[in-house]
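Notes for the one structure printed next.
Whatever order the structure lists ligands and atoms in, that order sets their numbers, starting from 1. Worth knowing before you read on, the calculation uses all heavy atoms, side chains too, and leaves out hydrogens, waters and symmetry mates. Values in this document were obtained by computation on a predicted structure and should not be read as measured data.
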Amino acid sequence: MQARRSRVIVLSVLLATVGALIPLAVMGYASWKLAINKELRVLDAAGNDAIARAHFTFADARKALVDMEASGAARCSPAHLALMRTLTINTPSVEEIGYFDNGKLKCTSWGLTEGDIGKARVDYVTPDGVEVTLRIQPAVTHAKPMVALHLGSHNVLVTPSRFVDVGLPPDVSLALTNSTGLLIDGKNSPDVAFARRHLEQKADGIDGSDMFATVADGGLAAVVTEPVTKVYSRLRGELLLLLPAGLFIAAFIVGIVVYFSRRRLSPRGELEIGIHKREFLVHYQPIVELSTGVCVGAEALVRWKWPSGTMVRPDLFIPLAEETGLITAITDQVVDGVISDLGRTLEQDRSLHVAINISADDIKTGRFLDMVSLKLKKTGIRNEQIWFEATERGFIDIDAARISLDRARTAGHSVAIDDFGTGYSSLQYLQGLPMDALKIDKSFVDTIGKGTATSAVTSHIIEMAKELGLFTVAEGVETEEQASYLREHGVTFGQGWLFSKPLTAADFIKFHAASVARYGRAAEVIRVAA
Ligand code: C2E
Ligand code: CA
Ligand code: CA
């Protein structure tokens with residue numbers, strides 16, 4: 001029992017722990033995922049912004065180039081130079097416009113060009129036909145490196161940062177490339193190799209200590225990167241939302257586990273398991289004929305044998321079993337026990353009987369009769385050899401009791417009123433009940449020879465039983481003095497430590513055999529009141 005309890009406790013603790021950890025882990029993981037996804041969406045938006053910005057710059061510069069190409073002014077004429085200047089001023093992205101002839105720079109928005117400046121090597125061509133040279137050193141102004149865009153015989157210079165002119169927090173870096181991964185420009189010093197690596201997958205995610213989002217559109221790509229640590233502040237927010245839900249579910253699961261384990265560990269739970277595992281067995285206390293000492297039968301007394309070997313007395317579990325309605329299942333196991341323990345002995349000695357205690361529930365529903373007759377049918381035991389003992393508590397529903405007892409007696413069983421005199425019901429009340437015997441309670445037998453007020457009651461009970469035509473069984477006979485008193489007053493049978501304590505089935509069979517050897521058998525099964 002102890003081992004069983006600790007197994008239940010260990011299992012419950014385990015279940016509760018797992019049951020509590022799982023929702024917390026799920027919520028933690030969900031918070032982490034949500035935080036990352038939200039952060040990645042922010043990076044994605046920044047990437048989209050950057051690409052839109054770059055497209056705008058390209059389109060702006062291209063328009064200046066198209067306008068220059070469309071101009072009818074003689075090349076490098078004052079009108080041509082004036083148009084170059086106007087467009088340079090009016091186009092925010094464009095810093096300088098130049099005109100090439102035969103691969104040589106002839107004039108720019110600054111004026112005519114001296115020297116021999118050739119067209120720079122083209123890095124790539126945009127989908128709409130603009131040749132792009134990245135990081136060109138402007139020949140005329142000697143300013144910082146520029147991006148040169150070339151269409152027809154004109155080119156424009158654009159400050160690279162124009163392409164990535166978006167607002168970003170300092171720890172978010174951006175790399176803007178063309179579709180082949182050539183860096184157009186970056187912001188907040190991006191790791192270009194890192195960006196190229198992830199451009200190919202066009203995915204968002206985490207790599208090492210960085211998280212990144214990639215965006216590609218119209219021949220441009222952006223990779224936006226920030227340290228994973230930035231997700232932590234967002235994670236706190238998500239946890240604040242989801243963790244309470246996780247805690248609630250965890251508490252709920254723990255509550256359920258506690259409820260069921262407490263139920264399982266409760267006396268009722270123990271009893272249910274005991275019944276399920278068929279831990280109930282029967283001991284037999286001999287009943288002897290007082291006049292001869294012949295063993296005429298036994299009372300079946302249930303015992304609950306725990307796996308530890310402890311034998312539990314019925315007083316400790318019968319009241320609970322009656323309260324919870326589990327008693328009928330115990331009655332079943334007692335009947336099974338009697339049949340398997342004493343089936344053969346009862347077949348060999350037809351004068352022998354076994355008295356089975358039945359509960360109020362059994363009597364009220366009468367179900368025990370159907371159960372017993374079904375079980376006895378498969379054996380050689382006669383109905384007359386099975387007696388029933390019912391206490392006054394069983395007669396609360398007197399009409400149902402009358403029907404049950406009547407059916408039992410019609411089937412051949414004898415019925416005895418147990419613990420007679422200890423309850424509240426008057427004899428008149430019981431008088432109408434069909435029965436065969438009275439069991440005189442131990443408390444009355446105890447008074448014999450003590451000269452107390454109740455001792456007078458004992459002889460009264462015996463007299464009343466005689467008048468009602470009932471035979472009597474005295475319980476708890478411990479002394480020879482009690483036995484001879486009972487004998488003298490005509491009590492038929494006795495049961496008690498004077499004759500024997502309750503015995504195991506094997507010991508009872510030996511006790512019965514010894515009695516047969518010494519006194520011979522009793523008369524065939526008696527039924528005094530038929
Ligand atoms: P009960 O039917 O009055 O059973 C007699 C009780 O008195 C038994 O206790 C028995 O061991 C005890 N006893 C017998 N002779 C002596 C004696 O000389 N001196 C003393 N001091 N005690 C004696 P037990 O076995 O502990 O049973 C207790 C009660 O449990 C029974 O009282 C009965 O009401 C109930 N019970 C036992 N088995 C069953 C069962 O199978 N079904 C139901 N419903 N109740 C049962
Ligand atoms: Ca009894
Ligand atoms: Ca009794």
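For ligand 1, one of its N or O atoms has an N or O atom of E299 under 3.5 Å away. Any N or O atom pair closer than 3.5 Å counts here, and E322 shares no such pair with ligand 1.
Between F471 and W387, the distance from one ring center to the other falls under 6.0 angstrom. Taking the six-membered ring wherever Trp is involved, the centroid distance between the rings of F368 and F388 falls below 6.0 Å. Annotation: F317 is in aromatic contact with F280 [ring centroid separation under 6.0 Å].
If you look at E299 and ask which of its N, O or S atoms sits nearest the Ca ion (ligand 2), the answer is OE2. Its N, O or S atom nearest to the Ca ion (ligand 2) is what matters here, and for E389 that atom is OE1. Here the N, O or S atom of D418 that is nearest to the Ca ion (ligand 2) is OD2.
Heavy atoms from both the backbone and the side chain of L301 come within less than 4.0 Å of ligand 1. Residue-level proximity to ligand 1 for I318 is carried by the side chain, the only part with a heavy atom below 4.0 angstrom.
Inspection of the D441 and S443 side chains reveals an N or O donor paired with an N or O acceptor under 3.5 Å. Defined by atom type and a distance below 3.5 Å, a donor-acceptor pair is present between the side-chain atoms of T292 and E289.
Set against the non-hydrogen atoms of I327, the atoms of ligand 1 under 4.0 Å away are 44 (N). Atom numbering of ligand 1 starts at 1 in the shown order; those under 4.0 Å from a heavy atom of R303 are 25 (O). Atoms of ligand 1 found under 4.0 Å from any heavy atom of D419, numbered from 1 in the order shown, are 3 (O). Of all the atoms in ligand 1, the ones that sit under 4.0 Å from a non-hydrogen atom of G476 are 15 (N), 16 (C), 17 (C), 18 (O). The R313 neighbourhood of ligand 1 comprises atoms 9 (O), 24 (P), 26 (O), with distances under 4.0 Å to a heavy atom of that residue. Interface atoms of ligand 1 facing E475, defined by a heavy-atom separation under 4.0 Å, are 1 (P), 3 (O). For ligand 1, the atoms sitting less than 4.0 Å from at least one non-hydrogen atom of G496 are 15 (N), 18 (O), numbered in the order shown with element in parentheses.
For residue N357, an N/O/S atom approaches the Ca ion (ligand 2) to within less than 3.0 Å.
Look at E272 and R264 and you find no salt bridge, because none of the NZ, NE, NH1 or NH2 atoms lies under 4.0 Å from a carboxylate O. The existence of a salt bridge linking R402 and D399 is confirmed by a sub-4.0 Å separation between a basic side-chain nitrogen and an acidic carboxylate oxygen.
Checked by atom type and distance alone, the side chain of S266 pairs as donor or acceptor with a backbone atom of G269 at under 3.5 Å.
Proximity annotation for atom 22 (N) of ligand 1: of F280, F317, W497, F368, W497 comes nearest, heavy atoms only. When V302, D418, T331 are checked for heavy-atom proximity to atom 38 (N) of ligand 1, V302 turns out nearest. The residue from K439, Q285, E478, H283 that puts a heavy atom closest to atom 19 (N) of ligand 1 is E478.
The aromatic rings of F194 and F212 stand perpendicular to each other, their planes meeting at an angle above 60°, with 30° marking the opposite boundary. F508 and F511 have parallel rings, their planes meeting at less than 30° on a 0 to 90° scale where 60° marks the start of perpendicular.
Looking at heavy atoms from C-beta onward, S500 lies in side-chain contact with P286 at the 4.5 angstrom threshold. Under the 4.5 Å side-chain criterion, counting only non-hydrogen atoms from C-beta, V338 is in contact with Y284.
Within the 4.0 Å heavy-atom shell around ligand 1 one does not find K501.
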